[in-house]
Amino acid sequence: MNHLMIAFIFFVLSVIIHIGYCRKASLAGLQAKAFILTALANGAIMIICFLFLTPSDRGLPYTAVFLYVLAIPVYLVFYVSTLLMSPSKNILRVVQDDRGATYEMILQALEQENFIFLRLGELQDSGCVRRSGEKFVLTPSGRNIVRILKIYQKVLGQGPGG
Amino acid sequence: MSGLDQIIVACGMGAFIVFVLAHIMALRCMPAAGILDAVQKLFYFGILALTAAVSFLPGLSVTDKFPVFIFSLCAYGLASFVYVLCIFGPYATSIRLRLISELDAPQGKTMAEISRTYDSKAILDLRLKRLLASGDIRFDGDRYHIAKAHNAFFIIDAGARALHAIMQKS
């Protein structure tokens, strides 16, 4: 149980450091890497702390490390959601009105956000897509993602999502 | 590594593997619209499998089985949450991944060429089908309405908004 308490404290500490960093930093955009580095550094300190605990039959060091590692992407999901607007969230916000919303009203709200243009820009920024005149072309890293995506599609037996 | 430690990690991972395999098998024989709802049901199936596995574990007392169940449930829940939100969710719903698939042509594509197969209308149609299938919204013949006031989107959105408020400079 001590291991779990220590893992929990180190995870909360990582979140507090990240929140503090985001409040202080004047950098635009996501600071996900900052959290990953903080969590990894804290994880390493946590494992060192485990070595100093008295070995016991009821110690759960692997469970603690396992839960700690899994909690990192969970926090990142919430963190990324703070800055990104998803189309489904957008649809639900429009539909949330007491009188509901027609198909045209929802479509108009989606077109205002211009998700395709926005996401193409993000893909260019992340280096997956480059502009070649009027055309958008995949970069080598974009092609690698397509390869993985095709394998996953074959495994699931589903077509492309979106 | 204590015996309980091994059992917790093994049970959590075992239930997660059952969930992933069941979800692959289910998705191979069902239409795309119902996949999010199916994933939710299969998650509960994983909990049932975990409960059964822990209750039939030999050589453990009832007082040992309770923490084993609770912590392996946490491990299973977190692993499934990470898989659904970081791997399966983006594959099924990400506009970026769909755009990358659309651009998989030797010469690339112009915006007009992309719009021929994937535009705001396609984005909306896909999402309305999924939200209707999962029961998050309902259609009365003219308008769409919220059917579940506390669905996953609103819960994650509320968490994200709270986090965003904390992160804002005072």
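Chain letters run A, B, ... following the sequence lines, proteins first and then strands; every chain starts at 1.
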With chain B, which of [options] has the greatest number of heavy-atom pairs at distances under 4.5 Å?
options                                   : result
Ile106(A), Asn90(A), Ile72(A), Leu76(A)   : Ile106(A)
Arg99(A), Lys135(A), Glu134(A)            : Lys135(A)
Pro160(A), Ser126(A), Pro87(A)            : Pro87(A)
Ala101(A), Gly100(A), Pro73(A), Cys128(A) : Ala101(A)
Val137(A), Ile145(A), Val95(A), Leu149(A) : Val95(A)

With a 4.5 angstrom heavy-atom cut-off, is it the side chain or the backbone of [X] that approaches chain A, or both, or neither?
X         : answer
Pro90(B)  : neither
Glu113(B) : side chain
Leu103(B) : both
Tyr144(B) : both
Ala122(B) : neither
Tyr76(B)  : neither
Tyr118(B) : both
Ala75(B)  : both
Ile24(B)  : both

For a quick test of reading the model, state the closest non-hydrogen atom pair linking [X] to [Y] and the distance between them.
X         : Y         : result
Arg143(B) : Met105(A) : NH1-SD, 4.0 Å
Leu50(B)  : Gly12(B)  : CD1-N, 4.5 Å
Asp119(B) : Ile116(A) : CA-CD1, 3.4 Å
Ser120(B) : Leu110(A) : O-CD1, 4.0 Å
Val77(A)  : Cys86(B)  : CG2-SG, 3.9 Å
His3(A)   : Ala64(A)  : O-CB, 3.5 Å

inquiry  = With salt bridge (Lys or Arg N to Asp or Glu O under 4.0 Å) as the criterion, how do Arg143(A) and Asp104(B) come out once you've worked through the C-alpha distance, each side chain's angles and the decisive distance to 0.1 Å?
reply    = CA-CA 7 Å; Arg143(A) 294 209 178 279; Asp104(B) 185 26; 3.5 Å; yes
request  = Could you tell me whether Glu122(A) atom CD has more than 12 heavy atoms of other residues or ligands within 6.0 Å of it?
outcome  = yes
ask   = Are more than 12 heavy atoms from other residues, nucleotides or ligands located less than 6.0 Å from atom OH of Tyr152(A)?
value = yes
task = Indicate yes or no: at least one non-hydrogen side-chain atom of Phe88(B) is less than 4.5 angstrom from one of Leu27(B).
result = yes
key: Any side-chain heavy-atom pair of Leu124(B) and Tyr103(A) under 4.5 Å   = yes
Contact class of [X] relative to chain B, heavy atoms under 4.5 angstrom:
X         : value
Phe136(A) : both
Val155(A) : both
Glu113(A) : neither
Leu118(A) : neither
Phe78(A)  : both
Leu67(A)  : both

request  = Start with the C-alpha distance between Cys49(A) and Phe10(A), add both sets of side-chain angles, then the distance that settles side chain to side chain contact (heavy atoms under 4.5 Å, CB included), and finish with yes or no.
outcome  = CA-CA 11 Å; Cys49(A) 287; Phe10(A) 272 95; 4.0 Å; yes
How many angstroms lie between [atom1] in [X] and [atom2] in [Y], if you round to the nearest 0.5 Å?
X         : Y         : atom1 : atom2 : result
Arg119(A) : Leu123(A) : CZ    : CG    : 9.0 Å
Ile91(A)  : Gln96(A)  : CD1   : CD    : 13.0 Å
Ser14(A)  : Ile36(A)  : OG    : CD1   : 11.5 Å

Interface residue of largest heavy-atom contact number with chain A, from [options], under 4.5 Å:
options                                   : value
Ile87(B), Leu78(B), Ile123(B), Asp125(B)  : Leu78(B)
His23(B), Met25(B), Lys121(B)             : Lys121(B)
Ile137(B), Leu99(B), Asp140(B), Leu126(B) : Leu99(B)
Met111(B), Arg96(B), Arg98(B)             : Arg96(B)

query = How are the rings of Tyr79(A) and Tyr75(A) set relative to one another: parallel (under 30°), tilted (30 to 60°) or perpendicular (over 60°)?
reply = parallel
task = Would you check if the side chain of Arg130(B) reaches a backbone N or O of Ala92(B) as a donor-acceptor pair within less than 3.5 Å?
result = yes
task = Mind running side chain to side chain contact (heavy atoms under 4.5 Å, CB included) on Phe43(B) and Val84(B) for me, showing each step along the way?
result = CA-CA 10 Å; Phe43(B) 175 74; Val84(B) 170; over 6 Å; no
request  = Under 4.5 Å, heavy atom to heavy atom: which of residues 57-74 of chain B reach chain A? Give them by number, or say none.
outcome  = Asp64(B), Phe71(B), Cys74(B)
